[in-house]
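For reference, the structure discussed in these notes is given below.
By convention in this document, chain letters (A, B, ...) are assigned in the order of the sequence lines, proteins followed by strands, and residues within each chain are numbered from 1.
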Amino acid sequence: MMKLAKNPLRSEAELIERTQGIEGLSFLQLASFLGLSLPSDPLKRKGFIGKAIELALGTTAGSKSMPDFCNLGIELKTLPLNHLGKPAESTFITTIPLLTIHHQAWKTSHCYAKLKRVLWIPIEGSNDLPFADRRIGRGLLWSPSKEDEEILEKDWVLLTSMIATGLLQEIDASVGEYLQIRPKALNGKSLCYGFDESGGKILTMPRGFYLRSSFTGKLLSGRQ
DNA sequence: AAGTGATCATAA
DNA sequence: TTATGATCACTT
């Protein structure tokens, strides 16, 4: 039976234990345990289960730019799967401070901090299933392999150097093997500052790093 | 069906 | 506006 997580986690083992406590629950069951009601409007459900699972597992980062379980350095991500058991969506990692990203290095980047250790929670993501009936799968505590890390770093270095040198407008979602950059905004009218080719500031769309679903699919099928 | 661009909700 | 949580919707 699931318990509400109120105390900070002390170990990965404890996190796994809590994760097992929500495995197999439907979205409706999880919401009931938490005393929440499910949003009826599909457009208002985005992120709902992610937040609910955070509540259930007791994350500590809040809205800070840190992994969800701060003291353990673990990031929590839900991973919606389609009817074939493959990721239905890319995975958002972090927003990109376009004017200051060049001050970061891969190993000290926000992106790496969130990718070096991830608790993946697969969830049923097919729109054929009623939202309330979709279930939570078995969590996977994961770190990138050496090969994964090399490719992630290569992507990150390429993408951030394009941002820093004013090639923002050349970046679309097709750039990057595992990582990609896509808009991350309230809507098309949202703007923030970035650099142009001559180092001047331009108004542009806020962006974020995402993991391609081909990559998350690979990591998921690699579990034992 | 997959990939890319656009958008929804909420807190501080 | 920033961050958090993502999925929707259109194009290919």
Side-chain angles (χ1 to χ4, degrees), chain A residues 22 27 30-31 34 36-70 74-101 103-104 109-111 113-115 118-131 134 136-137 155 159 168-194 201-218:
Chain A
I22 60 170
F27 291 2
L30 177 66
L34 295 171
L36 305 174
S37 51
L38 294 174
S40 49
D41 182 350
L43 288 179
K44 297 184 177 179
R45 295 171 183 162
K46 295 186 185 182
F48 178 86
I49 287 300
K51 283 293 183 196
I53 292 180
E54 281 193 344
L55 261 181
L57 298 182
T59 58
T60 49
S63 66
K64 295 191 286 289
S65 292
M66 302 178 63
D68 294 298
F69 302 99
C70 297
I74 298 173
E75 175 72 10
L76 175 66
K77 288 291 175 200
T78 56
L79 190 54
L81 305 181
N82 63 23
H83 65 104
L84 296 173
K86 300 191 55 169
E89 293 286 350
S90 57
T91 303
F92 171 71
I93 304 301
T94 187
T95 50
I96 307 174
L98 295 175
L99 293 178
T100 57
I101 187 73
H103 293 149
Q104 297 183 25
S109 67
H110 292 163
C111 191
K114 296 194 172 196
L115 289 180
V118 181
L119 176 62
W120 297 101
I121 309 283
I123 56 175
E124 287 182 324
S126 169
N127 282 319
D128 298 342
L129 298 170
F131 191 70
R134 297 183 204 168
I136 297 165
D155 287 343
L159 290 163
L168 200 50
Q169 328 225 24
E170 314 300 318
I171 299 178
D172 64 21
S174 69
V175 182
E177 188 173 344
Y178 290 172
L179 279 176
Q180 64 182 172
I181 288 179
R182 303 218 309 278
K184 169 60 169 164
L186 204 54
N187 57 51
K189 291 165 194 147
S190 306
L191 293 171
C192 68
Y193 285 104
K201 288 178 185 171
I202 51 164
L203 279 171
T204 185
M205 189 167 239
R207 324 289 171 101
F209 284 116
Y210 295 78
L211 285 179
R212 295 183 181 280
S213 52
S214 52
F215 178 64
T216 53
K218 196 160 68 91

Task: Under the side chain to side chain donor-acceptor pair (under 3.5 Å) test, residues paired with A:Ser40 that sit two or more places apart - done: none
Open item on the list: Looking at A:Arg212 and A:Gly176, would you say the former's side chain and the latter's main chain have a donor-acceptor pair under 3.5 Å?
Closed with: yes
Open item on the list: Taking the nucleotide of DNA chain B with the nearest heavy atom to each, does A:Ser214 or A:Leu43 sit closer to the 5' end?
Closed with: A:Ser214
Open item on the list: Please report the end-to-end axis angle for the helix from B:dA1-C:dT12 to B:dA12-C:dT1, five pairs per end, rounded to 10 degrees.
Closed with: 30°
Open item on the list: Quick check against the 3.5 Å criterion: does A:Glu75 have a side-chain atom that pairs as donor or acceptor with the backbone of A:Leu115?
Closed with: no
Open item on the list: A:Glu177: which residues meet the side chain to side chain donor-acceptor pair (under 3.5 Å) condition with it, sequence neighbours left out?
Closed with: A:Lys154
Task: All pairs passing side-chain hydrogen bond (donor to acceptor under 3.5 Å, both in side chains) where residues 78-94 of chain A contributes a residue, at least two apart - done: A:Ser90-A:Arg182
- [ ] Name every residue in residues 174-182 of chain A that has at least one heavy atom under 4.0 Å from any atom of DNA chain C, in order of residue number, or write none if there are no such residues.
- [x] A:Arg182
Task: Sequence-distant partners of A:Asp172, side-chain contact (heavy atoms from CB on, under 4.5 Å), two or more places apart - done: A:Ser174, A:Val175
TODO: Tell me which of A:Pro206 and A:Gly47 sits closer to the 5' end of DNA chain C, going by the nucleotide each one is nearest to.
DONE: A:Pro206
Task: Non-neighbouring partners of A:Lys184 that pass salt bridge (Lys or Arg N to Asp or Glu O under 4.0 Å), sequence neighbours left out - done: none
Check nucleotides 10-12 of chain C for protein N or O atoms closer than 3.5 Å to its own N or O atoms and list the pairs.
none

- [ ] Tell me what A:Ala185 touches on the nucleic acid: a base, only sugar-phosphate, or nothing, going by heavy atoms under 4.0 Å.
- [x] base
Open item on the list: Once salt bridge (Lys or Arg N to Asp or Glu O under 4.0 Å) is applied, do any residues pair with A:Lys114, and if so which ones, sequence neighbours excluded?
Closed with: none
TODO: For DNA chain B, note the earliest and the latest nucleotide, 5' to 3', having some atom under 4.0 Å of a heavy atom belonging to chain A.
DONE: B:dT4 to B:dA9
Task: Those residues that, when tested against A:Tyr210, pass ring pair (Phe, Tyr, Trp, His ring centres under 6.0 Å) (two or more places apart) - done: A:Phe92
Open item on the list: Please enumerate all residues that pass side chain to side chain donor-acceptor pair (under 3.5 Å) together with A:Gln104, with sequence neighbours excluded.
Closed with: none
Open item on the list: Go nucleotide by nucleotide along DNA chain C from the 5' end; which of A:Lys184 and A:Arg134 gets its closest nucleotide reached first?
Closed with: A:Lys184
